[in-house]
Amino acid sequence: MKRFHSLKKNSEFQAVYRTGKSYANKYLVMYVLDTDKQGNRIGISASKKFGNSVERHRFARLVRESFRLNEDILEDGKDIVVVARTAAKDKSFDKIESAFLHLCGLHNILKESK
RNA sequence: UGAGUAAGACAGGUGAUCGCUGCUGCAUGGCCGAAAGGGUGCAGGAGAGGAAAGUCCGGGCUUCACAGGGCAGGGUGCCAGAUAACGUCUGGCGGAGGUGACUCCAGGGACAGUGCAACAGAAAUAAACCGCCUGACUCGUCAGGUAAGGGUGGAAAGGCAGUGUAAGAGACUACCGCCUCGCUGGUAACAGAGAGGGCACAUGUAAACCCCACUCGAAGCAAGACCGAACAGGGAGCAUAAGGCGGCCCGUCUGCUUCCGGGUAGGUCGCUUGAGCUGUCUGGUGACAGGCAGACUAGAUAGAUGAUCAUCCACGACAUAACCCGGCUUAUCGUUUUGCUCAGAAU
């Protein structure tokens, strides 16, 4: 299996926003939708309000890295959308990663939590 | 040495582990495919900027339009050159600033016409408020002359000095400025000296309309080209077994096969070898042009450069390619090189 799967279409994002459940903390907002398909998919969103191109790319990389390193402890068959909040700007990797795992815990999609 | 001025260079480095996107090689009777190949795995090597930014100009490229001419509209605006082209660049000219190196200038036309010029001021394109002078008389008023002086303003009928005069005024004179004429130098912008005018309808504004000269077709890589599930459409054949429109036949619609053509999702190309880069030589004051040699240096398509650790130091600013080039503008922690100028010291 190559890389990891990501959400691409606007319609896929809209489906998660409308029908998925959401939790938020200081840095991130996370939407999760059950798909019953194999593999998890992630979509990352940072609006222009968040910052310029460099800052938005930086945020996306940190979230992608958090997802990649922790994918094996996540349950299967989820569409996840992560939205940036402005407080996440200029934050280090471990802050973003802990925020990501915190939200995964709230969504109850960690394998250990069962 | 200090202060300044101009032109450049660099844009955290090194090592380790995990991860991402192309490329090359090898492997893979195992996953897909008839095959080519794809996929997967391993290895090697490559992988953002000086502004990649703003999208303000110009060009290539692509599609559309196009006999020729004119109008409208846009752009440019001292001269010569460079260039594929430009609103860019180079060298001059003129003006402004600086002791200087040097810097800055949207720098055609205001006797073609129209418009506008707040406030202040007596008056703003038209002039007598104060003042000055002359005359008259009822003795502080009237009539007339006057733009030298006062005050207002960005701008008040060329400036300054003198002659002159009742007081004044280019009324006259010298110098400077302006205008006209030819002469000399220069490709030209322009400069120089000379002669004449006697200063006029008299100010400013053309990033106000406008006039003059030159110039411009439109839209953009989500351009566009090709392949092409699905799904509308048409032709041919088959079945005519069944059903609908008919009481029945013909006909027609529904069905299946096949072909044609349009074309959505999706895919492939466009997509990186180029008006390019590096070095060097020649021509040119220079922008630049030409010759020779060398290297190949991102090509993603929801969009690849990240994470962790160690270590060094100046403790790392601004900011992420999206078809490609030439410029402009704006942002930027700092480090550093070279030329030149001024001041001081020493020889």
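In what follows, every heavy atom counts, from backbone to side chain, and hydrogens, waters and symmetry copies are set aside. Residue numbers start from 1 in every chain, and the chains themselves are labelled A, B, ... in the order their sequence lines are given, proteins ahead of strands. As the structure is a prediction and not an experimental result, all values here were calculated from the model.
Look at the C1' atom in both B:G306 and B:G47: the space between them is 13 Å, to the nearest Å. Comparing the C1' positions of B:A275 and B:C324 gives an interatomic distance of 12 Å, to the nearest angstrom. A gap of 14 Å separates the C1' atoms of B:A128 and B:G150, to the nearest Å. Rounded to whole Å, the separation between the P atoms of B:U152 and B:A122 comes to 11 Å. One P atom belongs to B:C18, the other to B:U24, and the distance between them is 25 Å to the nearest Å. Across B:U335 and B:A11, the matching C1' atoms stand 10 Å from one another, rounded to whole Å. Using atom C1' as the reference point in both B:C105 and B:U203, the two lie 24 Å apart (nearest Å). Taking the P atom of each, B:C313 and B:G39 are spaced 48 Å apart, rounded to whole Å.
Regarding the sugar-base torsion, B:U272 falls in the syn class, its angle being within 90° of 0. B:G170: glycosidic angle within 90° of 0, hence syn. Base orientation at B:G303 is anti, since its O4'-C1' glycosidic dihedral falls outside 90° of 0. More than 90° away from 0 lies the glycosidic angle of B:U62, which makes this nucleotide anti. Glycosidic torsion of B:A304 falls outside 90° of 0, placing the base in anti.
Under the Watson-Crick or G-U wobble criterion, with both distances below 3.5 Å, B:A155 has no partner in any strand shown. Base pairing analysis places B:A167 opposite nothing; no Watson-Crick or G-U wobble pair with both distances below 3.5 Å involves it. The partner of B:C318 is B:G49, by the rule that a Watson-Crick or G-U pair needs both atom distances under 3.5 Å. Pairing for B:A225 goes to B:U268, judged as Watson-Crick or G-U wobble with the two contacts each under 3.5 Å. The partner of B:G255, taking Watson-Crick or G-U wobble pairs whose two distances both stay under 3.5 Å, is B:C238. Pairing for B:U341 is with B:A3, a Watson-Crick or G-U wobble pair whose two hydrogen-bonding atom distances lie under 3.5 Å. Searching all strands for a Watson-Crick or G-U wobble partner of B:C210 with both distances below 3.5 Å returns B:G109. The partner of B:C323 is B:G60, by the rule that a Watson-Crick or G-U pair needs both atom distances under 3.5 Å.
Contact record, A:Phe93 with A:Ser66: CE1-OG, 3.7 Å, taken as the closest heavy-atom pair. When every heavy atom of A:Cys104 is checked against every heavy atom of A:Met30, the shortest pair comes out as SG-CE, 4.0 Å. Here the closest non-hydrogen pair linking A:Asn25 and A:Ala99 is ND2-O, 3.3 Å. Pairing each heavy atom of A:Lys26 with each of A:Ala87, the nearest pair is O-CB, 3.7 Å.
Taken from OG in A:Ser22 to CG in A:Leu106, the straight-line distance is 10.5 Å, to the nearest 0.5 Å. Summarising the geometry, atom CG belonging to A:Leu101 is positioned 11.5 Å from atom CD1 belonging to A:Ile96; distances are rounded to the nearest 0.5 Å. Note that the OG1 atom of A:Thr86 and the CD atom of A:Glu55 stand 11.0 Å from one another [nearest 0.5 Å].
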Next item on the list: Before giving the answer on side-chain contact (heavy atoms from CB on, under 4.5 Å), spell out for A:Val32 and A:His107 the whole-Å C-alpha distance, their side-chain angles and the decisive distance to 0.1 Å.
Entry: CA-CA 8 Å; A:Val32 174; A:His107 278 291; 3.6 Å; yes
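When A:Val82, A:Val81, A:Leu103 are each tested for a side chain to side chain contact (heavy atoms under 4.5 Å, CB included) with A:Tyr31, only one passes: A:Val81.
What separates CZ of A:Arg56 from C1' of B:A319 is a distance of 12 Å, to the nearest Å. A:Glu55 has its CD atom 16 Å from the C1' atom of B:G306, to the nearest Å.
Evaluation of the side chain to side chain contact (heavy atoms under 4.5 Å, CB included) rule for A:Ile44 yields A:Ile42, A:Phe59, A:Ala60, A:Val63, A:Arg64 as partners, not counting sequence neighbours.
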Check nucleotides 307-309 of chain B against the protein and report each pair of N or O atoms closer than 3.5 Å, with its distance, or say if there are none.
{"residue": "B:A307", "atom": "OP1", "partner": "A:Arg58", "partner atom": "NH1", "Å": "2.0"}
{"residue": "B:A307", "atom": "OP1", "partner": "A:Arg58", "partner atom": "NH2", "Å": "2.6"}

Could you go over nucleotides 48-53 of chain B and give all protein N or O partners under 3.5 Å, atom names and distances?
none

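Side-chain contact check for A:Tyr23 versus A:Val29: every heavy-atom pair is 4.5 Å or farther apart.
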